[in-house]
Amino acid sequence: MTQQTPIPAEEFIDAPTGWVRILDREALEIARPLIPVVLNGQRLVLFRDEEGELGLIGRNCPHRGADLCYGRLENNGLRCPFHGWHFDRTGQCVEQPAEPEGSPMYKAIKVPMTPVEERDGGIWAFLKDGDTT
Amino acid sequence: MISQQLNDTITRIGPKTEAGAVLRCYWHPAALVEELESQLPIPVNLLGERLALVLDDAGDLRLVTRISAIGEPAVFYPDSTEIKIEVTGPTYPVMVKKGIAFAYLGNGEAPEFPNFDCFRADDTHVFAFKGLWECNWLQALEIGIDPAHASFLHRFLKDDDQGSNYGKQFRDKVAQTSMPMTQVLREYPRPDINVEETDYGLKITALRHMDNGQTHVRITNQIFPEAICIPMSREMTITQWHVPIDDENCYWFTLFTSFKEPVNKELMRAQRLKEHKLPTYAPLKNRENSYGYNPQEQADETYTGMGMDINVHDQWAVEGMGRIQNRTREHLGRSDKAIIRYRRILRQAIDAMGAGNRNALPMQNGEKIKTIIGPLSNDAVAPTENWSGASHQADLERRAACPWDASV
Ligand SMILES: [Fe+2]
């Protein structure tokens with residue numbers, strides 16, 4: 001395990017549409033397994049959850065846009081430090097602890113996710129064209 | 001979610017913009033008096049204009065237009081000797097209040113100042129400071145009218161003793177209890193939020209219903225157009241303006257107002273100078289150094305991992321949204337009730353200005369402005385069935401014990 005780092009530097013990758021090897025597997029073998037990546041201009045957060053699976057989701061919280069690369073990696077997902085909204089590795093919001101008890105709003109909230117998988121010692125992502133949506 | 005067009009309308013404040021026209025109906029903090037004690041003129045970059053604070057022929061402070069190079073950085077602070085005045089450019093009146101030089105960049109006559117506590121308290125009881133945030137003014141304001149975020153963004157995973165907490169937000173014990181404010185915020189994260197329109201803006205009440213039939217009542221305020229007034233501790237309130245430098249940068253200017261005891265200005269200033277770099281008052285923790293983020297601290301001590309200074313947490317939250325928050329992607333919830341209401345009054349003000357009806361804006365109605373006092377900003381714990389009366393009573397007791405006229 002490498003030393004406690006603050007946020008690793010952003011990884012910038014530009015490539016045509018399709019599966020692209022974006023990082024070596026070791027890149028995420030850090031105390032807090034989270035790396036900001038920019039794929040074809042889209043700002044994303046790559047992280048590993050407690051089940052060991054990867055998530056690659058949009059960088060800004062869908063609530064009011066806080067920067068999720070400073071999120072709390074906990075409860076098998078990523079939690080925004082602004083209001084505690086909690087997201088799983090698919091970007092689905094699973095909890096909104098400041099909203100009224102029983103509010104179903106979280107079910108309709110999802111951070112855009114990019115398909116990601118591990119093979120051949122690398123981390124691969126499915127890149128879309130360089131639009132900013 | 002709002003349209004890109006509406007987001008532009010409510011965020012952009014340059015000389016020919018609609019929100020800019022609304023903001024120009026009000027006095028804005030332009031500089032701290034401590035900035036001009038050592039030199040004059042000083043540069044002032046305000047509402048997208050490049051200005052300088054000078055002494056005019058009559059010996060009064062005045063804002064004048066400054067010649068700036070194309071591509072000059074937004075937060076540019078040239079030395080006095082390098083400031084060149086554009087003698088044919090617009091000039092604006094300045095008024096000093098409690099350690100802040102306020103400027104009026106609008107047309108016609110400037111409005112009166114309301115008689116808020118921060119203006120009517122004795123000079124000994126008010127301390128002024130400022131700091132730079134590298135983002136649009138509206139997202140800076142919106143975090144200040146969002147009572148829920150304190151339960152998360154400012155969460156301390158441990159409560160510390162209240163001995164060394166003078167001059168710091170949320171580190172006091174809650175009135176009428178032995179419970180630290182940090183514990184109340186942490187244990188009751190879903191406040192009921194009530195928002196009422198007032199003659200100065202909005203009164204925002206956050207109710208945290210606790211055990212034993214008690215309710216924590218936090219009353220904060222939005223002061224139109226870009227200020228808030230909130231309690232800091234039992235002894236002090238914060239009145240804070242989020243003043244645009246341009247569309248992508250702003251300064252917070254704060255008047256810390258003490259009820260009973262004079263403010264220890266030396267201590268307050270030393271605490272804040274340790275966190276900021278002069279002459280721009282840029283915070284030492286910033287985007288470039290990841291706000292001092294420490295993942296171990298985030299796991300064990302604070303929600304953000306960015307230290308105990310809540311100003312840094314707020315700065316991270318608003319700067320991380322981007323220079324101008326993309327509100328076409330936001331999803332507002334019940335916790336954002338006051339933000340939604342504020343945007344409505346800002347849009348009403350924009351419409352009124354478009355119709356040539358400036359008098360319809362808050363605090364633009366002549367003599368009546370001086371009768372606006374307070375506003376009430378308070379944390380209290382009260383019996384749930386009488387939270388309103390008990391909260392008001394707690395504020396009245398504090399005001400009665402105060403050496404300056406704090407009557408309401
Ligand atoms: Fe805050």
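Labels below follow one simple rule: chain letters A, B, ... track the order of the sequence lines, proteins then strands, and each chain is numbered from 1.
- The number of heavy atoms from other shown groups lying within 6.0 Å of CD (B/Gln5) does not exceed 12.
- Closest non-hydrogen pair, B/Leu332 versus A/Arg64, comes out as CD2-CD, 3.6 Å.
- When every heavy atom of A/Ala66 is checked against every heavy atom of B/Trp316, the shortest pair comes out as CB-CH2, 4.0 Å.
- Note: B/Phe152 CZ to A/Arg79 CZ = 8.0 Å, rounded to the nearest 0.5 Å.
- At a 4.5 Å heavy-atom cutoff, the contact between B/Thr302 and chain A is made by backbone atoms alone.
- At a heavy-atom separation below 4.5 angstrom, chain A is approached by B/Gly333, B/Arg334, B/Ser335, B/Asp336, B/Ile339 within residues 333-340 of chain B.
- Within the 3.5 Å criterion, the main-chain N or O of B/Gln325 finds no donor-acceptor partner in the side chain of A/Asn60.
- Contacts with chain A were tallied for B/Glu319, B/Arg190, B/His149; B/Arg190 has the most, counting heavy-atom pairs under 4.5 Å.
- Minimum interatomic distance between A/Arg32 and B/Gln298 (heavy atoms only, all atoms of both residues): NE-OE1, 3.9 Å.
- For A/Glu101, the parts sitting under 4.5 Å from any heavy atom of chain B are the backbone and the side chain alike.
- If you tally non-hydrogen atom pairs under 4.5 Å between each of A/Pro97, A/Cys69, A/Gly84 and chain B, the highest count goes to A/Pro97.
- Heavy atoms closer than 4.5 Å to chain A are found nowhere in B/Ser151, neither backbone nor side chain.
- B/His331 contributes a side-chain N or O that, together with a main-chain N or O of A/Pro62, makes up a donor-acceptor pair within less than 3.5 Å.
- Residue contact with chain A, scored on non-hydrogen atoms closer than 4.5 Å, is absent for B/Met1.
- Of the listed residues A/Glu74, A/Glu99, A/Gln96, the one with more heavy-atom pairs under 4.5 angstrom with chain B than any other is A/Glu99.
- Note: A/Asp67 leads A/Asp67, A/Leu73, A/Leu68 in heavy-atom pairs under 4.5 Å with chain B.
- Residue A/Arg59 does not touch chain B at all, counting heavy-atom pairs closer than 4.5 Å.
- In this structure, the portion of B/Asp146 lying under 4.5 Å from any heavy atom of chain A is its side chain and not its backbone.
- Between B/Thr304 and A/Arg72 the shortest side-chain heavy-atom distance does not fall below 4.5 Å.
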